[in-house]
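Notes follow once the structure below has been shown.
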2 protein chains.
Amino acid sequence: MANIKNKLSEKGLKITPQRLSILEAVYNLSHPTADDIIKYIRQKHSNIATGTVYKVLDTFIQKGLIKKVTTDKDVIRYDGLLIHHHHLHSSKDILIKDYIDEELDKILNDYFQKKKIKNFKIEEITLQIRGKFKK
Amino acid sequence: MANIKNKLSEKGLKITPQRLSILEAVYNLSHPTADDIIKYIRQKHSNIATGTVYKVLDTFIQKGLIKKVTTDKDVIRYDGLLIHHHHLHSSKDILIKDYIDEELDKILNDYFQKKKIKNFKIEEITLQIRGKFKK
DNA sequence: TCCTAAAAGAGAACAGTTCTCATATAAGGA
DNA sequence: TCCTTATATGAGAACTGTTCTCTTTTAGGA
């Protein structure tokens, strides 16, 4: 909690109850939509306006506190995990899991160090790995 | 055009002017939204109902004639390129380009042949390469 | 040519997101 | 601690993209 407050002030953001609970929600939920976040806060903390949630999420993205997740759906999902990682996507449903693999990242870096893409400067490579989760 | 008709009948779909022009639009436009497709058809061919476009695009996806593009935006984009490929995403704007690289695909296949992901069966790996296009 | 299942059209409904503007509040300074 | 003010929030309207409903039209086989 003090941790979350620090993250806000590090970025020069005013500490408000809404911002604290939104950031907490993003950290505790897995790749949530704005609606997931709203429900989480309303049940756990107190009421919050939907507009506030969208605006705060935008601010957090601007400041690099969270990221958007890329999917082929028309709802936006958010991600609080900031270290470089990839995503495992279920081919059946909407389940998404984080996938961290430094060895793979090294292979990709080495590969694109040698093989340049014409007229393009790479900033970040993320894999979408689609498949089936076994239980 | 005869080509497009073949693709429809191969999948057991009735050949209608709407389907022909939607498929043509997806082939001629680069990762279009439904709205891009509607505008293209209205200007080039004739009027078409928006509901028809969405429904036909859905049918095409079901039959494997096109795919959705994954982005972090809340509009869905479609892709007519069916061979396995990756995407270069502009970090500034919405520009997306196809990236085909069989050598890379082989490296990834080999890598994941050795290194299994626990409780997950990979079906397809696509890279999102984010960066800057130079002109 | 006729018949019928399937497709398309029109627009209402819906969901997700953004906008507007009045009110409330965080946080720096007196 | 109390003011002050820039900034944030709330409430709900507006907007955008997508889906749904229901009627009319049409493709394509008999």
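Each chain gets a letter, A, B and so on, in the order its sequence line appears, and its residues count up from 1. Computed from a predicted model, the values in this text were never measured in an experiment.
The phosphate of D/dT19 (OP1 or OP2) has no side-chain N or O of B/Tyr54 nearer than 4.0 angstrom.
Running 5' to 3' along DNA chain C, contacts with non-hydrogen atoms of chain B at under 4.0 Å begin and end at C/dA5 to C/dT17.
Between A/Lys121 atom NZ and B/Ile129 atom CD1 the span is 14.5 Å, to the nearest 0.5 Å. The line from CG of A/Leu108 to OH of B/Tyr111 is 9.0 Å long, rounded to the nearest 0.5 Å. Taking NZ from A/Lys132 and CG from A/Asp93, the interatomic distance works out to 10.5 Å, rounded to the nearest 0.5 Å.
At least one donor-acceptor pair under 3.5 Å links the side chain of B/His84 to the backbone N or O of B/Ile125. A donor-acceptor pair is defined here as one N or O able to donate and one able to accept, closer than 3.5 Å; such a pair exists between the side chain of A/Thr33 and the backbone of A/Asp36.
Partner of A/His85 under the side-chain hydrogen bond (donor to acceptor under 3.5 Å, both in side chains) criterion, out of A/Asp79, A/Asp101, A/Thr126: A/Asp79 alone.
Rounded to an integer number of Å, the gap from CG of B/Leu20 to P of D/dT26 is 15 Å. A/Ile22 places its CD1 atom 12 Å from the P atom of D/dA8, with the value rounded to the nearest Å.
When the local axes at the two ends of the helix from C/dT1-D/dA30 to C/dA30-D/dT1 are compared, using 5 base pairs at each end, they differ in direction by 30° after rounding to 10°.
Salt-bridge formation is not detected for the pair A/Asp110/A/Lys114: no Lys NZ or Arg NE/NH1/NH2 atom is positioned less than 4.0 Å from an Asp or Glu carboxylate oxygen. Between B/Lys5 and B/Glu10, none of the side-chain N atoms (NZ, or NE/NH1/NH2) sits under 4.0 Å from a carboxylate O, so this pair counts as no salt bridge.
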